[in-house]
There are 2 protein chains.
Amino acid sequence: MTNEPEGPANRTPTLTDVAKLAGVSVATASKAINGRGEVRATTRVRVLEAAELLSFAPNALARGLLSGRTGTVGLLTSDLEGRFSIPILMGVEDAFGAGQVSVFLCDARGDAIREKHHVQALLSRRVDGLIVVGSRTDPRPPLAGNIPVPVVYVYDPSADPADISLTVDNVGGGRLAVEHLLACGRRNIAHITGDAVYRAARDRAEGAAATLAAAGLTMVGDRPYFGSWDEAWGRAAARMVVERHPEVDGIFCGSDQIARGVLETLRDLGRDVPGTTSVIGFDNWEAIAAHSRPRLTSIDMNLKHLGSVAGQRLFAAIGGAVPTSEQFPGRLVMRESSLPLG
Amino acid sequence: MTNEPEGPANRTPTLTDVAKLAGVSVATASKAINGRGEVRATTRVRVLEAAELLSFAPNALARGLLSGRTGTVGLLTSDLEGRFSIPILMGVEDAFGAGQVSVFLCDARGDAIREKHHVQALLSRRVDGLIVVGSRTDPRPPLAGNIPVPVVYVYDPSADPADISLTVDNVGGGRLAVEHLLACGRRNIAHITGDAVYRAARDRAEGAAATLAAAGLTMVGDRPYFGSWDEAWGRAAARMVVERHPEVDGIFCGSDQIARGVLETLRDLGRDVPGTTSVIGFDNWEAIAAHSRPRLTSIDMNLKHLGSVAGQRLFAAIGGAVPTSEQFPGRLVMRESSLPLG
DNA sequence: CTGAAAGCGCTTACAG
DNA sequence: CTGAAAGCGCTTACAG
């Protein structure tokens with residue numbers, strides 16, 4: 001003796017159970033529940049009550065089998081470890097979370113074999129579309145095999161220009177950064193950044209150089225200081241730059257971590273920031289940028305927004321639209337490391 | 001005229017297509033593809049070749065409808081923003097990624113309504129089980145409603161002791177940290193940590209206090225310095241501690257970010273670390289702990305492992321096992337902020 | 001307004 | 001060893 005509602009014991013209730021309880025056919029129950037077809041109001045109510053009573057949840061598999069649409073999407077990342085995937089993933093979640101589509105998360109770990117496996121599994125599950133998130137901006141080979149659903153590449157573009165790729169404008173990001181330093185009255189600007197094998201490093205440097213050139217200026221040291229993306233390089237490079245070029249009054253760093261190292265060294269050397277030297281980072285990584293001394297001005301590439309646009313674009317593509325590739329600008333986030341001279 | 005293999009144009013191939021092409025019944029095709037039943041070897045080969053030719057991928061929805069198993073699991077997080085969910089999520093991905101189960105990712109944003117929606121959607125999709133990941137260690141209300149599949153709570157335990165919760169031993173973590181400082185020969189140990197409304201803060205402090213007591217010692221300042229989880233608090237608290245208790249020779253910080261702030265202040269004050277004062281953090285957040293000066297010793301709560309265990313436990317529960325709740329220990333990760341006196 | 005029937009793509013007894 | 005048939009849970013014409 002329990003208080004459970006009637007019905008076949010221990011079985012997930014089906015439409016048939018609901019129909020039986022409401023005393024109608026499954027066809028009618030289906031129409032009532034979906035608000036489709038002309039169903040008498042009192043009948044609808046009866047069905048709805050029965051469904052409620054049984055905690056009926058329509059089987060999405062059966063629906064998907066019938067309609068060919070699963071309301072399901074695959075999100076393929078290449079590394080969850082890296083920070084870039086996470087905000088993008090959040091944005092995608094955002095775009096879909098409110099609606100009716102659920103997201104399969106797969107991490108290929110940068111391994112092509114594993115990626116193929118995941119794609120296979122996703123296609124077996126009949127996802128309506130795929131979002132491929134990379135963590136580098138160097139173009140990647142498109143998904144192998146014949147993919148019968150729309151695919152949107154995010155951050156890391158597909159090497160095939162016919163694919164839909166949503167990317168970040170790193171050249172523009174470099175421009176933004178240098179424009180800001182110029183606006184702060186800086187004229188002797190150095191660029192300390194990551195390894196030049198990364199296209200992101202090269203693009204940002206290119207944007208920076210072009211902007212300086214347009215202002216009739218050149219980089220301090222005449223070239224970017226390529227190194228690695230971490231604080232240690234930021235510290236070492238900053239020391240070198242200041243020693244060789246004491247006139248430096250602005251430093252554009254390729255990442256917030258580098259910038260953090262730069263700030264530490266400037267502090268060690270007793271150079272006032274932003275007074276003597278303004279510093280700007282890249283990524284706007286809250287945990288790093290918002291807690292340094294002084295807090296770090298940075299370029300934010302709006303990754304969450306990028307992810308949410310990817311979700312919308314994929315949704316549109318599933319609906320038959322033909323979205324095009326697009327590059328998105330970053331934005332300047334001002335903090336105290338770059339205040340203009342008072 | 002194309003080179004496409006024969007078959008109904010532009011339609012995802014079905015078992016019927018494969019069977020037709022191989023000249024057998026769907027029943028036989030099914031058996032051949034699944035390696036089930038006695039199928040003549042040459043027949044099997046013929047079927048497999050046909051499947052290959054058509055790039056046939058079995059429809060998992062149809063299979064799920066039949067078997068009642070979808071090979072699908074829901075992962076419910078409460079905030080992707082926070083760092084804690086990510087490694088857990090990676091661990092879960094790990095546990096399932098290799099096998100045949102796919103993971104639905106849902107972020108409830110700490111909103112109960114949204115959580116209910118997501119659970120509803122997941123149950124409609126007939127997931128075989130659910131993993132609920134929290135970002136705080138204070139027990140949370142169990143999932144509302146009648147959940148017909150196994151549920152494993154991770155990091156944040158369910159308030160219902162009958163549920164399966166996999167948690168982290170923060171009391172033990174506090175103990176580990178202080179034991180290490182004691183092992184380094186420290187006797188005047190302070191504890192600077194986050195807000196006491198967090199159970200994690202209270203638990204770590206409790207473990208620290210107990211360990212000190214067992215050694216006949218008491219915390220510098222006679223109580224933990226509760227504050228907030230960030231660097232600013234670390235800086236401020238360290239200054240206060242050093243001023244009031246210059247004899248302090250070890251500082252256990254409730255997070256790596258706090259520790260980072262502590263290190264900065266000690267540096268400003270000219271206190272040698274680890275010589276004069278040893279410092280240990282908590283979380284082993286690589287980006288923070290591995291790039292400070294000196295690099296930070298920390299307690300790692302093995303979150304990725306926790307996630308992977310959660311995956312395995314859920315898998316077992318789906319198979320009919322009855323896993324029990326469990327608490328997992330952290331581990332000490334030595335770096336240079338706590339070297340023993342030479 | 002309501003219901004019987006067919007069918008989505010597959011698997012599983014059950015005959016042959 | 002192979003295949004015809006039933007059925008998983010639902011929706012959609014089509015009759016009544």
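Computed from a predicted structure; not experimentally measured.
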Length of the line joining A:Arg69:CZ and D:dT12:C1', which is rounded to integer Å: 17 Å
Under 4.0 angstrom between A:Ser25 side-chain N/O and C:dT2 OP1 or OP2: no
Spacing of B:Lys31 atom NZ relative to D:dC1 atom P, expressed in whole Å: 11 Å
Distance below 4.0 Å between B:Thr28 side-chain N/O and D:dG3 OP1 or OP2: yes
Nucleotide of C:dT11, D:dC10, C:dT2 approaching A:Leu15 most closely (side-chain heavy atoms): D:dC10
Protein-nucleotide distance (B:Arg126, atom CZ; D:dG9, atom P), rounded to Å: 9 Å
Interatomic distance, B:Leu61 CG vs C:dT11 C1' [rounded to whole Å]: 15 Å
Presence of B:Thr14 side-chain N/O under 4.0 Å of C:dC8 phosphate oxygens OP1/OP2: no
Position toward the 5' end of DNA chain C (nearest nucleotide), B:Ser30 or A:Ala27: A:Ala27
Watson-Crick or G-U wobble partner of D:dA4, both distances under 3.5 Å: none
Sub-4.5 Å side-chain heavy-atom contact between B:Leu303 and B:Leu306: yes
Whole angstrom value for the distance that separates P of C:dG9 from CG of A:Asn59: 16 Å
Phosphate contact (D:dT2 OP1 or OP2) by B:Thr43 side-chain N/O below 4.0 Å: yes
N/O (side chain, B:Asn34) to phosphate O (OP1/OP2, C:dT11) under 4.0 Å: yes
Value in whole Å for how far the P atom of C:dT2 lies from CZ of A:Arg46: 8 Å
Any side-chain heavy-atom pair of B:Leu80 and B:Leu89 under 4.5 Å: yes
Residue-phosphate contact under 4.0 Å: B:Arg63 side-chain N/O, C:dT11 OP1/OP2: yes
Check: A:Thr72 and A:Leu122 side chains under 4.5 Å, non-hydrogen atoms: no
Where A:Leu54 and A:Pro13 come nearest, the two heavy atoms and their spacing: O-CG, 3.2 Å
Upstream residue (5' side of DNA chain D) when A:Ala62 and B:Gly23 are each assigned their closest nucleotide: B:Gly23
Presence of A:Arg36 side-chain N/O under 4.0 Å of D:dT11 phosphate oxygens OP1/OP2: no
Whole-Å gap separating P (D:dT11) and CD1 (A:Ile33): 8 Å
Base-pairing mate for C:dA13 - Watson-Crick or G-U, with both contacts under 3.5 Å: none
Mutual orientation of the aromatic rings belonging to A:His305 and A:Phe328 [parallel < 30°, tilted 30-60°, perpendicular > 60°]: perpendicular
Whole-Å distance separating the NZ atom of B:Lys20 from the P atom of C:dC10: 12 Å
